Q: 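Mind looking over this structure? Questions follow.
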Amino acid sequence: MDERILMAVIAVLIVFVIASIVIGIINISKINSILDYSDDGNLIDALEKYYNNISDMQKKLKLSREGAMSERISACETKVNMGLSKTGIVNFDAFDDVHGNQSFALAVLNQYNDGFVITSLYGNSSSNTYVRTVREGRSTTVLLDEEREAIQMAMSGGNIS
């Protein structure tokens with residue numbers, strides 16, 4: 001029985017020795033990788049350099065996130081400015097024999113004053129609708145006074161009247 005206990009103790013000691021060797025090899029490799037940051041083998045200087053590198057990388061990562069966010073915000077602002085967001089509408093009588101302001105000119109523009117004007121002329125016997133392109137607040141087509149007024153209304157703040 002004493003031999004069995006002795007063999008068990010020796011087996012446990014062998015396991016401890018092997019485990020100590022493995023742990024030592026792992027620690028040595030970790031220390032060597034940290035010492036790669038040191039020119040003279042000073043572990044404290046190497047750790048300081050290592051943590052400074054990590055801190056610098058964190059700062060660069062934060063700046064790159066802010067840069068990416070700034071680019072995304074800029075792209076969103078461009079898209080918003082392209083969206084049709086300003087309107088102006090003018091109701092009027094297109095013909096002398098028709099009353100009630102049933103005709104209209106509706107201007108729809110983006111922030112660059114590009115867009116269109118839809119004009120509907122209501123008469124007793126017909127109703128006609130026209131669309132005119134607007135670039136920078138102007139149209140290449142000759143406009144009615146009411147269409148120009150709707151464009152001006154949209155450009156001045158997008159109020160609907």
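Just so you know, residue 1 is the first one in the sequence shown, and it goes up from there. For clarity, every value in this text was computed on a predicted model and none was experimentally measured. In what follows, every heavy atom counts, from backbone to side chain, and hydrogens, waters and symmetry copies are set aside.
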Q: Answer yes or no: is there a side-chain heavy-atom contact under 4.5 Å between Leu6 and Glu3?
A: no
Q: Main chain of Asn101, side chain of Asp93: is a donor-acceptor contact present, judged purely on distance under 3.5 Å?
A: yes
Q: Measure across Asn110 and Gly83 and return the closest heavy-atom pair with its distance rounded to 0.1 Å.
A: CB-O, 3.2 Å
Q: If you group Ile, Leu, Val, Met, Phe, Trp and Tyr by side-chain heavy-atom gaps below 4.5 Å, do Ile21 and Leu13 land in one group?
A: no
Q: Does the Ser55 side chain pair with the main chain of Tyr51, one donor and one acceptor, at a distance under 3.5 Å?
A: no
Q: With rounding to the nearest 0.5 angstrom, report the CG to CD distance, Leu84 to Gln111.
A: 10.5 Å
Q: Enter the distance from Ile73:CD1 to Met69:CE here, rounded to the nearest 0.5 Å.
A: 6.0 Å
Q: To the nearest 0.5 Å, what is the distance between CD on Glu146 and CG on Asn91?
A: 10.5 Å
Q: Could you list the residues that satisfy side chain to side chain contact (heavy atoms under 4.5 Å, CB included) with Ile14, not counting sequence neighbours?
A: Ile10, Ile18
Q: Treating Ser103 as the side-chain partner and Tyr122 as the backbone partner, does any N or O pair qualify as donor plus acceptor under 3.5 Å?
A: yes
Q: Of the non-hydrogen atoms in Ser120 and Thr129, which two are nearest, and what is the gap between them?
A: OG-OG1, 4.1 Å
Q: Do Val134 and Asn113 come close enough that some side-chain heavy atom pair is under 4.5 Å?
A: no
Q: Taking atom CG of Asn53 and atom CD of Gln58, what is their separation to the nearest 0.5 Å?
A: 11.5 Å
Q: To the nearest 0.5 Å, tell me how far Phe92 CZ sits from Asp145 CG.
A: 9.5 Å
Q: If you compare all heavy atoms of Thr119 against all heavy atoms of Ala105, which two are closest, and at what distance to 0.1 Å?
A: OG1-CB, 4.1 Å
Q: Given the rule that I, L, V, M, F, W and Y join up when any side-chain heavy atoms are under 4.5 Å apart, are Ile5 and Val12 in one cluster?
A: no
Q: Determine whether Phe16 and Val22 fall in the same hydrophobic cluster, where Ile, Leu, Val, Met, Phe, Trp and Tyr are linked whenever their side-chain heavy atoms lie under 4.5 Å apart.
A: no
Q: So, the side chain of Thr133 versus the backbone of Phe116: is there a donor-acceptor pair under 3.5 Å, distance only?
A: no
Q: Please check if Ile25 and Val17 belong to a single hydrophobic cluster, counting links between Ile, Leu, Val, Met, Phe, Trp and Tyr side chain heavy atoms closer than 4.5 Å.
A: yes
Q: Which pair of non-hydrogen atoms, one from Leu121 and one from Ala94, has the smallest distance, and what is that distance?
A: CD2-CB, 3.8 Å
Q: Looking at Leu143 and Arg132, what are the two nearest heavy atoms and their distance?
A: CD2-CD, 3.2 Å
Q: With heavy-atom distances below 4.5 Å as the criterion, would you say the side chains of Tyr112 and Met82 are in contact?
A: yes
Q: Mind checking whether Asp114 and Glu136 have side chains closer than 4.5 Å, heavy atoms only?
A: yes
